[in-house]
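Since the structure comes first, as C-alpha cells, the remarks are kept for the end.
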Amino acid sequence: MSNFDPLDTEGGDVAAMLSALPRAEAPANFEFGVRARIAQAAKPATTLMPFMKVAAPLSLVLLIGAFVIFYGVLPGG
C-alpha cells in the first residue's frame, strides 16, 4: 500500500528514485573530521566593525544631547 496521495504523481517518482540509491554510511571519524576543520578555520579579519558598534550609538546619543542642550539654552524657546 502506498503512503502517497493518488493525485501526487511527483512524490512517487521521488520516492522511487530515493529508494534506488545505495545506502551510504558516514566514516567512523566523521565527527572528529568536522571538528578538526572547524578548528582550522581562518579567524575573521579584524575590521572597524567593533569600533563602529560602539561609536555609532555613542555619536547618536551625543548628537541628541547637543540638540537638546542647544535648543534648551536658546532664549524664547
Side-chain angles (χ1 to χ4, degrees):
M1 188 163 147
S2 176
N3 293 335
F4 299 105
D5 185 13
L7 298 177
D8 184 18
T9 58
E10 292 179 13
D13 296 341
V14 173
M17 284 193 317
L18 290 176
S19 64
L21 291 174
R23 180 156 177 90
E25 296 292 331
N29 64 348
F30 177 77
E31 187 175 338
F32 176 76
V34 171
R35 289 183 186 196
R37 285 186 185 180
I38 292 172
Q40 289 177 351
K43 302 282 186 222
T46 57
T47 62
L48 291 176
M49 287 306 293
F51 173 73
M52 291 302 291
K53 287 182 181 178
V54 173
L58 181 62
S59 64
L60 184 63
V61 167
L62 290 175
L63 181 68
I64 293 172
F67 181 78
V68 168
I69 290 172
F70 180 73
Y71 282 105
V73 173
L74 283 178

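- Going from atom CG of Leu62 over to atom CD1 of Ile69 covers 9.5 Å, rounded to the nearest 0.5 Å.
- Under the 4.5 Å side-chain heavy-atom criterion for Ile, Leu, Val, Met, Phe, Trp and Tyr, Phe30 and Ile38 are members of the same hydrophobic cluster.
- Between Ile64 and Val61 the shortest side-chain heavy-atom distance does not fall below 4.5 Å.
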